[in-house]
Structure formats: structure tokens, C-alpha cells
Amino acid sequence: MEEQEATIRNPNPASPSDEAGPPDAASIWARMAWTHLDAVRRRVPLVQCITNLVSMDIAANVLLASGASPAMIHSINEIQDFTPKADALYINIGTLSAEWVPAMQAAAKAALEANRPWVLDPVAVSASSYRMEACLELVKLRPTVIRGNASEILALSSACRISGAKGVDSAHESFDALDAAKSLAKSSNAVVAVSGAVDFITDGDRIISCSNGVSMMQKITATGCAVTALIAAFVAIDPWNALKATASALAVFGLAGELGMEMASGPASLRMHMVDWLFRLNESTVATRVRLSERS
Ligand SMILES: Nc1ncnc2c1ncn2[C@@H]1O[C@H](COP(=O)(O)OP(=O)(O)O)[C@@H](O)[C@H]1O
Ligand SMILES: Cc1ncsc1CCOP(=O)(O)O
Ligand SMILES: [Mg+2]
């Protein structure tokens with residue numbers, strides 16, 4: 001366990017005998033993504049998911065295929081016993097109901113008390129003031145990571161309704177939400193990830209961008225929810241480096257989408273092939289095809 005953690009903190013130590021010379025920044029990031037995926041497979045983190053009804057199947061299958069252990073447990077009566085046993089908690093407000101809000105809050109508090117990372121997906125946060133208020137209360141419970149599409153991050157960051165946002169889908173490009181993401185990261189103390197054609201991950205100071213993925217992923221419902229679940233698994237195995245773990249999860253997911261698209265004929269087969277590729281990804285594919293970089 002200690003050896004693995006050390007590897008994650010320093011995923012690519014320079015080797016003086018490396019004939020190819022020192023690795024470039026892109027390959028260091030890609031090797032980091034592999035180290036994270038490998039650690040998830042070895043350590044099989046238990047991820048408690050309180051997620052929407054649409055996403056339960058794909059989120060659980062994405063976690064399983066990647067090597068994590070999903071548990072879709074949302075009854076308030078089980079939080080006290082179960083949440084401290086989980087390695088990370090995932091909360092998603094997609095199909096919010098009055099009954100679930102107290103369970104979400106209790107789980108976030110239990111995760112904090114047990115020193116476990118927890119990850120928030122603010123699905124369609126601007127759809128209603130009820131949803132926005134519930135989400136703002138959750139943000140006060142110090143999520144480790146918040147991942148949303150551009151419209152959601154813009155809305156949450158300004159905590160007001162954004163005209164043009166259409167339900168659960170984004171009406172904005174991820175770059176439009178970059179300043180909002182930085183500001184939300186600073187005010188919430190969370191790592192904030194904005195997904196889109198390019199994903200941006202920030203802690204308020206550093207910004208990592210990820211250009212893996214294919215646009216067809218938007219045509220599968222709950223891909224955003226599923227990648228947020230995957231972020232929870234990656235943060236579970238590297239909680240002190242949530243920025244990097246989040247970037248790795250988005251890159252691995254996007255790469256599985258790219259490889260899946262080579263075999264798919266539409267959204268339904270992409271979903272299947274993407275899950276297969278999360279299971280099949282190997283070191284050389286991840287190390288050569290992940291596209292992460294840090295913006296200066
Ligand atoms: N135009 C795009 N090109 C490539 N990948 C994309 C594109 N749009 C979204 N993705 C990917 O799809 C996944 C879900 O992101 P997104 O659609 O923004 O979330 P949501 O489903 O919450 O709206 C992410 O992994 C993201 O990188
Ligand atoms: C369609 C829908 N309605 C409520 S939650 C949900 C799924 C949203 O998934 P994603 O945010 O990944 O697009
Ligand atoms: Mg979403």
C-alpha cells in the first residue's frame with residue numbers, strides 16, 4: 001500500500017539511464033493516468049453512490065469495469081453504518097426528491113467525519129430554485145471535487161439561473177466556464193472539473209486540460225454522471241491529489257470513449273464498447289493516448 005502511494009505521488013521518476021532522454025510533460029501526465037487506473041484496479045475502492053435513477057446502471061458498470069466496487073446505497077437509515085466503510089462517496093442531484101436531500105446531507109457529513117473524499121455532480125442545478133438551494137447546502141459540506149458541464153458550473157458558480165441552460169445538457173462550451181470554475185474552486189475549496197470537448201480541472205490556481213473523448217458521448221444519457229462516479233473512485237485511491245486524480249479519471253474515461261467509437265455505430269453500441277474499453281485499457285494504450293496538459 002505504501003509503495004503504491006509513493007508511486008502515485010511521483011508517477012514517473014526520472015531515470016538517468018533512460019536512453020530516450022527525459023520524458024516530456026505529456027507523457028508524464030499520461031503515465032500518471034495509468035498509475036491511477038492501475039491503483040484503482042489493485043485496490044478496488046468501495047464507492048458509495050447516491051445518484052440519479054437514470055444513471056445508476058451506467059455509473060455502476062463504469063465503476064466495475066474500471067476496477068472499483070460500486071454500492072448504490074441511498075437510504076438515510078443506512079448512512080451511519082455504511083458511509084464510513086466506503087472509500088469515497090458520490091452524490092448526484094439528477095433526480096432529486098425531498099426524501100433524498102436529507103440522506104445526501106447526512107452522507108456528506110458522515111464522509112467528512114470519516115475523512116473520506118466525496119464528489120458532487122450538480123446535474124441541472126439551475127432547473128429550479130429547490131435544486132439550487134439543495135446543491136448550495138451540499139457545497140457547504142465541503143465536497144472534494146465538483147464535476148459538471150459548463151452550464152452547471154456557470155450556474156453554480158454564480159448561484160443564479162443562467163438563461164439558455166437546457167435541463168441536464170450544457171448550452172455552453174467548457175471554456176466559457178473556466179473562470180467560473182476557478183472562482184467556484186476558490187470559494188468552495190473543492191477541485192472543480194468542467195466537462196466538454198475539452199475538460200478543464202482546476203483547484204482555483206492550477207488548470208489541467210484534457211482533450212480525450214468524442215462528441216458522441218453526449219448522446220448517451222448519464223455519461224457525465226458516470227465519469228463523476230469514476231472521479232470518486234480515482235480520488236478514493238489518491239485523496240491528497242484530488243486535482244490530478246480527477247484529471248486522470250476524465251482522461252481514462254475519454255480515452256475509453258475514443259477507442260469505443262472506433263467500433264461503435266451509434267450511442268448504444270458506443271456505451272457498450274466504452275465500458276468494454278474501461279475494462280481492457282492497458283499501460284501502453286493509456287501512456288500513449290491520454291492527452292492531458294497543464295495550462296500556464
Ligand atoms: N464535444 C465533446 N467531445 C469530446 N468529448 C466530449 C464532448 N462533450 C462531452 N464530452 C465528454 O463526455 C463526458 C460527459 O461530459 P458532458 O457531456 O459535458 O457531461 P454531462 O453529461 O453532465 O452534460 C465527459 O467525459 C466529456 O469529456
Ligand atoms: C436525463 C436525466 N434527467 C435527470 S438526471 C438525467 C441524467 C443526466 O445525465 P448527464 O448529466 O450525465 O447527462
Ligand atoms: Mg451531467
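For reference, positions follow the sequence shown, starting with 1. Numbering of ligands and ligand atoms starts at 1, following listing order.
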A.B. asks: Starting from atom 4 (C) of ligand 2, find the nearest protein heavy-atom neighbour and note its residue, name and distance.
C.D. replies: Gly94 O, 3.4 Å
A.B. asks: Within a radius of less than 6.0 Å around CD of Glu173, do more than 12 heavy atoms belonging to other residues, nucleotides or ligands occur?
C.D. replies: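 12 or below, so no.
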A.B. asks: Among all protein non-hydrogen atoms, which one is nearest to atom 3 (N) of ligand 2, and what is the separation to 0.1 Å?
C.D. replies: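 Nearest neighbour among protein heavy atoms for atom 3 (N) of ligand 2, to 0.1 Å: Val168 CG1, 3.7 Å.
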A.B. asks: Tell me whether Thr228 contacts the main-chain N or O of Asp121 through its side chain, where contact means a donor paired with an acceptor under 3.5 Å.
C.D. replies: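 Not at all, since once roles are kept as given, no pair shorter than 3.5 Å links the two residues.
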A.B. asks: What protein heavy atom is closest to atom 1 (C) of ligand 2, reported as residue, atom name and distance in Å?
C.D. replies: Thr221 OG1, 3.8 Å
A.B. asks: Tell me whether Lys219 contacts the main-chain N or O of Pro267 through its side chain, where contact means a donor paired with an acceptor under 3.5 Å.
C.D. replies: no
A.B. asks: So do Pro239 and Thr144 actually touch side chain to side chain, heavy atoms under 4.5 Å?
C.D. replies: no
A.B. asks: Give me the residue, atom name and distance of the protein heavy atom closest to atom 6 (C) of ligand 2.
C.D. replies: Val54 CG2, 3.8 Å
A.B. asks: Can you confirm whether more than 12 heavy atoms, excluding those of Tyr130, are under 6.0 Å from its OH atom?
C.D. replies: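 Yes, OH of Tyr130 has more than 12 neighbouring heavy atoms, counting only those of other groups under 6.0 Å.
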A.B. asks: Of all the atoms in ligand 2, which lie at a distance below 4.0 Å from a heavy atom belonging to Thr223?
C.D. replies: 12 (O)
A.B. asks: Work out whether the distance between some heavy atom of Ser55 and some atom of ligand 2 is less than 4.0 Å.
C.D. replies: no
A.B. asks: With a cutoff of under 4.5 Å between side-chain heavy atoms, which Ile, Leu, Val, Met, Phe, Trp and Tyr residues group with Ile207?
C.D. replies: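 Direct or chained contacts put Ile207 with Phe175, Leu178, Val198, Phe200.
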A.B. asks: Less than 3.5 Å apart, which donor and acceptor atoms pair up between the side chains of residues 111-120 and the rest of the protein, not counting sequence neighbours?
C.D. replies:
| residue | atom | partner | partner atom | Å |
| --- | --- | --- | --- | --- |
| Arg116 | NE | Pro84 | O | 3.4 |
| Arg116 | NE | Ala86 | O | 2.7 |
| Arg116 | NH1 | Ala114 | O | 2.8 |
| Arg116 | NH2 | Pro84 | O | 2.9 |
| Trp118 | NE1 | Leu141 | O | 2.9 |
| Trp118 | NE1 | Arg142 | O | 3.3 |

A.B. asks: Hey, which atoms in ligand 2 end up nearer than 4.0 Å to a heavy atom of Asn52?
C.D. replies: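 So the atoms of ligand 2 that pass are 5 (S).
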A.B. asks: Among all protein heavy atoms, pick the one closest to atom 8 (C) of ligand 2 and tell me residue, atom and distance.
C.D. replies: Cys225 SG, 3.9 Å
A.B. asks: On the ring face of Trp277, is Arg280 found with NZ or CZ under 6.0 Å from the centre and within 45° of the axis?
C.D. replies: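 Yes.
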A.B. asks: Does Gly224, backbone or side chain, put an N or O under 3.5 Å from an N or O of ligand 2?
C.D. replies: yes
A.B. asks: Considering non-hydrogen atoms of the protein only, which is the closest contact for atom 13 (O) of ligand 2, and what is the distance?
C.D. replies: Ala222 N, 3.9 Å
A.B. asks: Scan the side chains in residues 248-256 for donor-acceptor partners under 3.5 Å anywhere in the protein, sequence neighbours excluded, and list what turns up.
C.D. replies:
| residue | atom | partner | partner atom | Å |
| --- | --- | --- | --- | --- |
| Ser248 | OG | His36 | ND1 | 2.7 |
| Ser248 | OG | Lys244 | O | 3.2 |

A.B. asks: Below 4.0 Å from any atom of ligand 1, which residues have a heavy atom? Give them in chain and number order, please.
C.D. replies: Arg147, Asn149, Val168, Ser195, Gly196, Ala197, Asp199, Gly213, Val214, Ser215, Met217, Gln218, Thr223, Gly224, Phe253
A.B. asks: Counting only heavy atoms from other residues, nucleotides and ligands, does the tally under 6.0 Å from CD of Glu294 exceed 12?
C.D. replies: yes
A.B. asks: Please report the closest heavy-atom contact between Leu243 and Asp203, naming both atoms and the distance.
C.D. replies: CD1-N, 3.5 Å
